[in-house]
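Here is the structure we will look at, set down as structure tokens.
Quick caveat: nothing in here was measured; it's all calculated off a predicted structure.
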Amino acid sequence: MEKFDNRYLEMAEVWAKNSYCKRRQVGALIVKDRMIISDGYNGTPSGFENICEDENGVTKPYVLHAEANAITKVAKSGNSSQGSTLYVTASPCLECSKLIIQSGIKRVVYRDEYRLTDGVDLLRRAGIEVEKID
């Protein structure tokens, strides 16, 4: 565990509070050379209404996960996430894990376990360091 892991995870938890999703709020930070190069939280795409769930409380299919938001934001910024660490409040799903692998992130640190482990399994298979911190 690195010295600042807990602090960056705490910051990701604060960032999660920006989410307007009712079922679960998730926050993510991408850190490279001890600098935060991107951030994200789960929510609808830019220009959409800020409502994540339908009238039955089911998450809308186009809601973006915090990791996807952070990765696409860093891509838009012209920065590179190659060799960086992703701090996220919940373990990544399979879809986000594919994006993490392709974006060159080398390490993922998370706090809460997602009900499915296929995302974390894929990250480990790709040689990405994965760490759960309570």
Side-chain angles (χ1 to χ4, degrees):
M1 186 166 84
E2 291 182 16
K3 183 178 169 187
F4 294 99
D5 284 350
N6 276 314
R7 291 289 170 260
Y8 285 128
L9 261 181
E10 285 172 24
M11 292 168 79
E13 283 173 6
V14 170
W15 207 244
K17 294 181 171 107
N18 288 317
S19 172
Y20 29 80
C21 295
K22 292 184 180 78
R23 285 183 63 208
R24 173 181 257 185
Q25 294 181 316
V26 180
L29 294 178
I30 299 176
V31 177
K32 185 174 180 177
D33 303 323
R34 295 225 336 248
M35 279 188 308
I36 297 167
I37 60 167
S38 192
D39 54 61
Y41 51 86
N42 55 327
T44 54
S46 303
F48 281 68
E49 75 293 338
N50 292 339
I51 301 162
C52 296
E53 294 85 8
D54 64 20
E55 55 281 344
N56 300 315
V58 177
T59 301
K60 293 176 179 174
Y62 53 84
V63 167
L64 284 154
H65 288 185
E67 306 94 312
N69 267 327
I71 289 166
T72 53
K73 195 171 176 181
V74 81
K76 228 167 29 176
S77 76
N79 269 325
S80 170
S81 51
Q82 189 71 41
S84 63
T85 299
L86 172 74
Y87 293 90
V88 62
T89 56
S91 63
C93 71
L94 188 62
E95 289 303 311
C96 286
S97 291
K98 291 190 257 182
L99 294 175
I100 291 165
I101 292 164
Q102 290 300 92
S103 68
I105 290 168
K106 69 167 173 49
R107 188 166 173 260
V108 175
V109 180
Y110 70 94
R111 185 151 285 155
D112 301 324
E113 207 71 62
Y114 182 61
R115 59 188 167 81
L116 302 171
T117 62
D118 51 357
V120 169
D121 296 341
L122 186 69
L123 291 174
R124 288 200 170 109
R125 193 171 146 202
I128 292 169
E129 188 186 330
V130 181
E131 205 169 331
K132 181 184 190 303
I133 296 179
D134 295 309

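Checked by atom type and distance alone, the side chain of Thr89 pairs as donor or acceptor with a backbone atom of Gly27 at under 3.5 Å. Side chain of Asn42 to backbone of Val26: a donor-acceptor contact under 3.5 angstrom is found. Under a 3.5 Å cut-off, the side chain of Ser97 and the backbone N or O of Leu123 do not form any donor-acceptor pair. Under a 3.5 Å cut-off, the side chain of Asp54 and the backbone N or O of Asn56 do form a donor-acceptor pair. Between the side chain of Ser38 and the main chain of Ile30, no donor-acceptor pair closer than 3.5 Å is present.
Under the salt bridge (charged side-chain N to carboxylate O under 4.0 Å, His left out) criterion, Glu10 pairs with Arg7, sequence neighbours left out.
To the nearest 0.5 angstrom, Tyr87 atom OH is 8.5 Å from Glu131 atom CD. Atom NZ of residue Lys22 and atom CD1 of residue Ile51 lie 7.0 Å apart, to the nearest 0.5 angstrom. Between Tyr41 atom OH and Asn69 atom CG the span is 7.5 Å, to the nearest 0.5 Å. Rounding to the nearest 0.5 Å places OG of Ser103 at 8.0 Å from CD of Gln82. In this structure, CD1 on Ile128 lies 7.5 Å from CD1 on Ile105, to the nearest 0.5 angstrom. Atoms CD1 and CG, on Ile71 and Leu86 in that order, are 6.5 Å from each other to the nearest 0.5 Å.
A 6.0 Å sphere centred on CD of Glu53 holds more than 12 heavy atoms belonging to other residues, nucleotides or ligands. Shown here is Lys132, whose NZ atom has more than 12 heavy atoms of other residues, nucleotides or ligands within 6.0 Å.
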Show the numbers, then the answer: is there a side-chain contact (heavy atoms from CB on, under 4.5 Å) between Lys60 and Glu49?
CA-CA 11 Å; Lys60 293 176 179 174; Glu49 75 293 338; 2.9 Å; yes

Dump the intermediate steps for side-chain contact (heavy atoms from CB on, under 4.5 Å) on Arg23 and Cys52, then the final yes or no.
CA-CA 9 Å; Arg23 285 183 63 208; Cys52 296; over 6 Å; no

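Connection of Met11 to Ile133 is established within a shared hydrophobic cluster, with ILVMFWY side chains joined at heavy-atom distances below 4.5 Å, either directly or through further cluster members. Note on Tyr110: it does not cluster hydrophobically with Trp15, by side-chain heavy-atom contacts below 4.5 Å among ILVMFWY residues. Note on Val109 and Phe4: same hydrophobic cluster, where clusters join Ile, Leu, Val, Met, Phe, Trp and Tyr whose side-chain heavy atoms are under 4.5 Å apart, directly or indirectly. Connection of Leu116 to Leu122 is not established within any shared hydrophobic cluster, with ILVMFWY side chains joined at heavy-atom distances below 4.5 Å, either directly or through further cluster members. Note: the hydrophobic cluster containing Leu64 does not contain Ile100 (ILVMFWY, side chain heavy atoms under 4.5 Å, direct or indirect links).
In summary, Asp134 and Arg111 do not engage in a salt bridge, as defined by a charged side-chain N under 4.0 Å from a carboxylate O. The residues Arg107 and Asp5 are annotated as salt-bridged, a charged nitrogen and a carboxylate oxygen being separated by less than 4.0 angstrom.
Closest of all the heavy-atom pairs between Ala90 and Arg24 is CB-NH1, 3.9 Å.
Looking at Val120 and Tyr114, their side chains never come closer than 4.5 Å, going by heavy atoms from C-beta outward. Put simply, the side chain of Pro92 reaches to within 4.5 Å of the side chain of Val108, judged on heavy atoms. Two residues are said to be in side-chain contact when any heavy atoms from C-beta on lie closer than 4.5 Å; Lys32 and Lys106 fail this criterion.
Of the N and O atoms on the side chains of Tyr8 and Thr85, not one donor lies less than 3.5 Å from an acceptor on the other residue.
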